**Q** 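Sending over a structure as C-alpha cells; questions will come in a sec.
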There are 2 protein chains.
Amino acid sequence: MISDITFYLLEKGAHIEPKRITTGEVAKQIGVSQQTASRKLLELENQGDIEKVSGKLILTEKAISKVRACVAMALDALEGSGMSFTGTLVQGLGEGAYYLSQGQYTREFKKKLGFKPFAGTLNVSIVPEDIEKRITLRQQKPIAIKGFKKGKRTFGSISAYKCAISGVPCAIVFPERSSHGLHMLEIISKFNLRKKLSLSDGKKVLVEVVNTSGP
Amino acid sequence: MISDITFYLLEKGAHIEPKRITTGEVAKQIGVSQQTASRKLLELENQGDIEKVSGKLILTEKAISKVRACVAMALDALEGSGMSFTGTLVQGLGEGAYYLSQGQYTREFKKKLGFKPFAGTLNVSIVPEDIEKRITLRQQKPIAIKGFKKGKRTFGSISAYKCAISGVPCAIVFPERSSHGLHMLEIISKFNLRKKLSLSDGKKVLVEVVNTSGP
DNA sequence: ATTACTAATTCACGAGTAA
DNA sequence: TTTACTCGTGAATTAGTAA
C-alpha cells in the first residue's frame, strides 16, 4: 500500500530531487499531528522508501517503483475494458527517432500529450491476436499532431494515443505514412524507456492504452 | 487516500460487475482479521465507495473516480522527471573553475540554484547519441545568471539547468561564450563531486536533468 | 460456510518536551 | 525554528461468538 505521505512527496517532486519538507508540513497535509508525521517519516526511512540528504527528503527508486507498480495495476484494471497490447521489443531503424524529433512535432507533443518525447522511439511488435485490437484503436478519435513542410521535405500529420508501459506514460504514434506494418507499434515517451525500464530487444512488453474519455 | 481494499476490489474487477467477495478473503489479502475486514467494508459502504447487490460487491462510480484522480496525479508526477545524459568524466582546464568562482556568480548561484558551488567544475563528455538531447535542453527556459564587468574583463551571462548525478543536486552551466563544443557539459555542485562520488577521469556518469516546471 | 456483534487488548496517536 | 523522544489515553484491532 502506498501511503498518503508518499503521494504528497510525489506531488512535491521529491522523487526528482531532495526537497526541504518539514514534519509539520506533512502533518498538516495528511491531517495528523506533527509527532505522527515524524514517526511515519521515520518508518518510511527504515523501510527504505525515503532518504535524507542534508536535511532534505527524496523518494528512493524503490518507492517510485512501488508507485509505478500500483499505477500500472490501477490502469490495467480501469482500462481493462479498454485495451492493451502484448508484444516484443524490436530494434528500431532510428529513422522514426529523427523524424519525430523535429521541433514542430515535439512542441505539439508537449502541448497535447504533456511531454516532450525522448529522441528515440520504442518499436513493439505485437502478437497476431492483438492486430484486431490495433484496428479498433485506430477507429477511435486520435490526438492529432499536425504535419508541416521543411524545405522540400514534407512531414505528414501524426495520430497519437496515450498509453502506459509499466505505469510510465507514453503514446502510440501512427505517422500518416508509416513504413511499419500492422504488427508494429511505435511508441514515444518523455523517457528513454529502454533505460528506464531496463528493456532490451526481444523483451516482452505490455502496452496499456489509456482511456482519455474519463472524467 | 485509497484503501487497500479498494485496490483489491479493483484487481478483482469489482468496478465492472458485482463480485462475490467474502470478508475472510479480503482479510487474508490485506493482512488483517476477518472482523476488521468486515468493519472496513461496512465503512466503505457507509462512505458510498461500495455497494452490495444481492450479496455481491461493486465499487461505486465515486470510488472509481477517486482512483482515476489518484492515478492521474501519480502519472502527472512521474511524467515530471526528465532527460538524462550519459557521458564520461574528463579532465577540466581549471579555467571554468576560476571563471565560475567569481563572487558575483556564486551569489546568484546560491540564490537561484540553492547552493554556493564548489570551486571546481565537472566536465562530462557526453556520448554522441545524447548531443541531440543537449540541443533540446537548450531550447528549454534556463535559470539565467547575469553577467558583469570587472575592470576591463567582461564576465558573460550563464544559462543553468538543474540536474542530479547519483542523486546529488547539481547544475549544468552554459556560459554565454563557452570554449566547449557540443559534446561537453560543464557541471557545478555544492560538493567536490569527484570526492563525494569517488569519480575519476574516464569514469562513466549519468546526468539527470531535473524538471524545473514544478512548484 | 459467512457476517457482524460485543468485549478484551493492543498499539497508534497526540501532548508535552528536550535537544 | 524543527525533530523526535516518552508516556498516558483511546481508537482501532482481534477474539469470542451468535445469528
Side-chain angles (χ1 to χ4, degrees), chain A residues 1-60 62-63 66 70, chain B residues 1-60 63 66 70 110-111 113-116 167-169 190-191 214-215:
Chain A
M1 195 47 207
I2 293 159
S3 71
D4 290 321
I5 294 184
T6 304
F7 274 107
Y8 178 64
L9 296 179
L10 211 57
E11 239 171 336
K12 278 288 184 178
H15 57 303
I16 298 169
E17 60 178 343
K19 296 273 178 182
R20 170 77 187 148
I21 291 168
T22 67
T23 56
E25 180 187 346
V26 171
K28 207 173 165 187
Q29 272 296 321
I30 67 166
V32 295
S33 67
Q34 174 272 321
Q35 292 87 338
T36 297
S38 171
R39 184 163 33 78
K40 295 212 169 199
L41 280 166
L42 288 172
E43 278 163 18
L44 284 173
E45 201 181 352
N46 290 334
Q47 284 168 33
D49 282 342
I50 59 175
E51 274 167 15
K52 283 177 190 166
V53 182
S54 60
K56 294 182 174 185
L57 295 179
I58 187 163
L59 284 164
T60 62
K62 182 189 159 196
K66 267 194 219 170
C70 170
Chain B
M1 196 47 210
I2 293 159
S3 72
D4 289 323
I5 295 183
T6 305
F7 274 107
Y8 178 65
L9 296 180
L10 212 55
E11 234 170 340
K12 278 287 184 178
H15 57 301
I16 297 168
E17 56 179 347
K19 296 272 177 182
R20 170 78 187 147
I21 292 169
T22 68
T23 56
E25 179 186 347
V26 171
K28 206 173 166 187
Q29 273 296 321
I30 66 168
V32 295
S33 67
Q34 173 272 319
Q35 292 87 339
T36 296
S38 169
R39 184 166 34 78
K40 295 212 169 200
L41 280 166
L42 288 173
E43 280 164 17
L44 283 173
E45 199 180 353
N46 289 334
Q47 285 168 33
D49 282 341
I50 59 175
E51 274 167 12
K52 282 177 190 166
V53 183
S54 61
K56 293 181 175 186
L57 295 179
I58 187 162
L59 282 163
T60 62
K66 268 194 220 172
C70 170
K110 173 74 185 167
K111 197 173 139 197
L113 297 173
F115 61 84
K116 184 172 283 212
V168 178
K190 179 167 192 166
F191 308 98

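Each chain gets a letter, A, B and so on, in the order its sequence line appears, and its residues count up from 1. For clarity, every value in this text was computed on a predicted model and none was experimentally measured.
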**Q** Taking only residues two or more places apart in sequence or in another chain, which ones pass side chain to side chain contact (heavy atoms under 4.5 Å, CB included) with A:K56?
**A**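 Partners of A:K56 by the side chain to side chain contact (heavy atoms under 4.5 Å, CB included) criterion, ordered by chain and then number, come out as A:P18, A:R20.
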
**Q** Could you tell me the boundaries of the chain B footprint on DNA chain C, defined by atoms under 4.0 Å from its heavy atoms?
**A**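 It runs C:dT2 to C:dC5.
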
**Q** Reading nucleotides 6-14 of chain D from the 5' end, what letters show protein touch, with B for base, S for backbone sugar-phosphate only, - for no heavy atom under 4.0 Å?
**A** -------BB

**Q** Partners of B:K52 by side-chain hydrogen bond (donor to acceptor under 3.5 Å, both in side chains), sequence neighbours excluded?
**A**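 Expected list: B:E45.
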
**Q** List the atom pairs, donor and acceptor, that lie under 3.5 Å between side-chain atoms in residues 4-11 of chain B and the rest of the protein, sequence neighbours left out.
**A**
unit_1: B:T6; atom_1: OG1; unit_2: B:S3; atom_2: OG; d: 3.0
unit_1: B:Y8; atom_1: OH; unit_2: B:E25; atom_2: OE2; d: 2.5

**Q** I'd like to check the salt bridge (charged side-chain N to carboxylate O under 4.0 Å, His left out) partners of B:K19; sequence neighbours left out, ordered by chain and number.
**A**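 Salt bridge (charged side-chain N to carboxylate O under 4.0 Å, His left out) check on B:K19 returns B:E17.
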
**Q** Could I get the full list of side-chain hydrogen bond (donor to acceptor under 3.5 Å, both in side chains) partners for B:Q34, not counting sequence neighbours?
**A**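 side-chain hydrogen bond (donor to acceptor under 3.5 Å, both in side chains) check on B:Q34 returns B:T23.
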
**Q** Sequence neighbours left out, what passes side-chain hydrogen bond (donor to acceptor under 3.5 Å, both in side chains) with B:K66? Give chain and number order.
**A**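 Listed in chain order: B:D49.
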
**Q** Compute the bend angle of the helix from C:dT2-D:dA19 to C:dA19-D:dT2 from the end axes (five pairs per end), rounded to 10°.
**A**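 Result, rounded to 10 degrees: 40°.
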
**Q** Give a yes or no on whether A:K62 atom NZ has more than 12 heavy-atom contacts from other residues, nucleotides or ligands under 6.0 Å away.
**A**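 Enclosed.
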
**Q** Output all residues satisfying side-chain hydrogen bond (donor to acceptor under 3.5 Å, both in side chains) with B:E51, sequence neighbours left out; order by chain, then residue number.
**A**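 Scan of B:E51 (side-chain hydrogen bond (donor to acceptor under 3.5 Å, both in side chains), adjacent residues dropped) gives none.
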
**Q** Quick check on contacts: within residues 5-13 of chain B, what sits under 4.0 Å from DNA chain D by heavy-atom distance?
**A**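 The answer is none.
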
